[in-house]
2 protein chains.
Amino acid sequence: MLNSKQKNQDDSNKQIQVFKALADPIRLEIIKYLKHHSHEIACGEVGKAVNISKTSGSYHFKLLEAAGLIDTRREAREKYVTLNKQTFDKYVTDFYQNI
Amino acid sequence: MLNSKQKNQDDSNKQIQVFKALADPIRLEIIKYLKHHSHEIACGEVGKAVNISKTSGSYHFKLLEAAGLIDTRREAREKYVTLNKQTFDKYVTDFYQNI
DNA sequence: AAAATAGTTCAAATATTTTTGAACTATTTA
DNA sequence: TAAATAGTTCAAAAATATTTGAACTATTTT
């Protein structure tokens, strides 16, 4: 079990991870693209839309997922992504209020 | 004058600058400290509270100011800082809604 | 079965950010 | 006027993040 100091540490790390994930033009474009397409979309489609290589896409999606900003679901060859609104609410929208 | 595409570019740059500024443990500590002290505080006092060197403080305060997250006022030897809530509102709290 | 497609992994190269200490300016105190 | 205090600037070093291409796995299409 984690004590309350450890929980704060953890949350602080998560907070930084979220801001780091948002602090990049490519990832911001990906997020904007997803926000404007409410249905599930494959990584490849997003990658094409924002004009990056497969490798670069793989790197950026991994980072966004690690930060909890997107959820992913693999179906056969393809990986579908959606925004995780809860993470945005907790670590972005409510950030100022909660600190 | 800037056209509307240039304005979006500009704002997108500002958005990234804000997230970059927030994506660091020291700067987050500084911001938390300021949030919990509503009155003006000198850089040195904050620096002592978060346990960093003068040089490091100077670097981080400059970055926060460039991002518009803090305002500063110099009075003789000392520089007083306060949070700029408008910037938090526009680029953090309202981020998700506005993209 | 071969070719095409979607995505991952790895390591090297590059770019960016952060830390550090020394030297500096300006102001205040002794 | 000398010493102390508050903060800045600079350049080098160290740490982190990003890009790239080649090789890979797994699945689907021809």
Side-chain angles (χ1 to χ4, degrees), chain A residues 12-34 37 39-83 91, chain B residues 12-34 37 39-83 91:
Chain A
S12 196
N13 290 342
K14 190 77 193 175
Q15 181 65 72
I16 287 162
Q17 197 181 12
V18 166
F19 282 141
K20 271 187 202 284
L22 294 170
D24 175 89
I26 290 181
R27 293 191 292 273
L28 233 39
E29 275 201 80
I30 290 173
I31 287 167
K32 283 179 198 170
Y33 186 85
L34 293 175
H37 292 76
H39 60 289
E40 273 193 332
I41 310 172
C43 287
E45 188 186 332
V46 184
K48 266 169 199 150
V50 308
N51 210 48
I52 55 177
S53 68
K54 285 190 316 174
T55 314
S56 171
S58 200
Y59 171 71
H60 290 292
F61 285 114
K62 180 154 67 170
L63 233 135
L64 287 169
E65 188 177 10
L69 290 166
I70 59 173
D71 294 319
T72 67
R73 179 177 71 82
R74 201 177 245 283
E75 184 178 322
R77 277 188 311 194
E78 300 181 283
K79 194 164 131 180
Y80 291 94
V81 296
T82 46
L83 290 182
Y91 293 103
Chain B
S12 196
N13 291 342
K14 189 75 193 177
Q15 182 65 70
I16 287 164
Q17 196 181 14
V18 166
F19 282 141
K20 271 187 202 282
L22 294 170
D24 176 271
I26 291 181
R27 292 191 294 270
L28 233 39
E29 276 202 81
I30 291 173
I31 287 167
K32 283 180 198 169
Y33 187 85
L34 292 175
H37 292 76
H39 59 289
E40 273 193 333
I41 310 172
C43 287
E45 188 187 331
V46 183
K48 266 169 198 149
V50 309
N51 211 46
I52 54 177
S53 67
K54 285 191 315 172
T55 314
S56 172
S58 200
Y59 171 70
H60 290 292
F61 284 115
K62 181 154 65 170
L63 232 134
L64 287 169
E65 189 178 8
L69 290 166
I70 60 172
D71 294 318
T72 66
R73 179 176 72 83
R74 200 177 245 285
E75 183 177 321
R77 278 188 313 196
E78 300 182 283
K79 193 163 131 181
Y80 292 93
V81 297
T82 46
L83 291 182
Y91 293 103

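Remember, it's a predicted structure, so these values are computed and weren't measured experimentally. Chain identifiers are assigned alphabetically (A, B, ...) following the order of the sequence lines, protein sequences preceding nucleic acid strands; residue numbering begins at 1 within each chain. Note: hydrogens, waters and symmetry copies are ignored here, and every other heavy atom, side chains too, is used.
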- For Lys54(B), report the nucleic acid contact type (base, sugar-phosphate, nothing); a contact means any heavy atom under 4.0 Å.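 The answer is base, as Lys54(B) lies within the cut-off (heavy atoms under 4.0 Å) of a base atom.
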
[N] [atom2] sits how many Å from [X] [atom1], rounded?
X        : N       : atom1 : atom2 : value
Ile52(A) : dT20(D) : CD1   : P     : 11 Å
Ile26(A) : dT18(D) : CD1   : C1'   : 8 Å
Lys79(A) : dT28(D) : NZ    : C1'   : 19 Å
Arg74(B) : dT28(C) : CZ    : C1'   : 13 Å
Leu64(B) : dT18(C) : CG    : P     : 10 Å
Lys62(A) : dA17(D) : NZ    : C1'   : 13 Å
Glu65(B) : dG7(D)  : CD    : P     : 13 Å
Ile16(A) : dT16(D) : CD1   : C1'   : 14 Å

Looking at the side chain of [X], which of [options] is the nearest nucleotide?
X        : options                   : value
Arg77(A) : dG7(C), dA4(C), dT8(D)    : dA4(C)
Tyr59(B) : dT18(C), dT5(C), dT8(D)   : dT18(C)
Arg27(B) : dT19(C), dC10(C), dT18(C) : dT18(C)
Asp24(A) : dA26(C), dT18(D), dG7(C)  : dT18(D)

- Message: Test side chain to side chain contact (heavy atoms under 4.5 Å, CB included) on Gln15(B) and Gln17(B); report intermediate values, then the result.
- Response: CA-CA 5 Å; Gln15(B) 182 65 70; Gln17(B) 196 181 14; over 6 Å; no

- Check: Arg27(A) side chain, Ile30(A) main-chain N or O, donor-acceptor pair, under 3.5 Å: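 No; zero donor-acceptor contacts below 3.5 Å.
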
- Among Val46(B), Leu34(B), Thr82(B), Leu63(B), the one residue meeting side-chain contact (heavy atoms from CB on, under 4.5 Å) with Ile70(B):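 When Val46(B), Leu34(B), Thr82(B), Leu63(B) are each tested with Ile70(B), the side-chain contact (heavy atoms from CB on, under 4.5 Å) holds only for Leu34(B).
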
- Query: Side chains of Glu65(B) and Thr72(B): is there a donor and an acceptor less than 3.5 Å apart?
  - Reply: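 Yes, side-chain donor-acceptor contact under 3.5 Å.
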
- Item | Donor-acceptor pair between Glu45(B) and Tyr33(B) side chains, under 3.5 angstrom |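 Note: Glu45(B) and Tyr33(B) side chains meet the donor-acceptor criterion.
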
- Phosphate contact (dA17(D) OP1 or OP2) by Lys20(B) side-chain N/O below 4.0 Å: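 The answer is no; no side-chain N or O of Lys20(B) sits under 4.0 Å from OP1 or OP2.
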
- Item | Ser53(A) vs Gly57(B), nearer the 5' end of DNA chain D by closest nucleotide |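 Its nucleotide being nearer the 5' end, the pick is Gly57(B).
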
- Whichever of His60(A) and Glu78(B) has its nearest DNA chain D nucleotide further upstream toward 5':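 Checking each residue's closest nucleotide, the 5'-ward one belongs to Glu78(B).
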
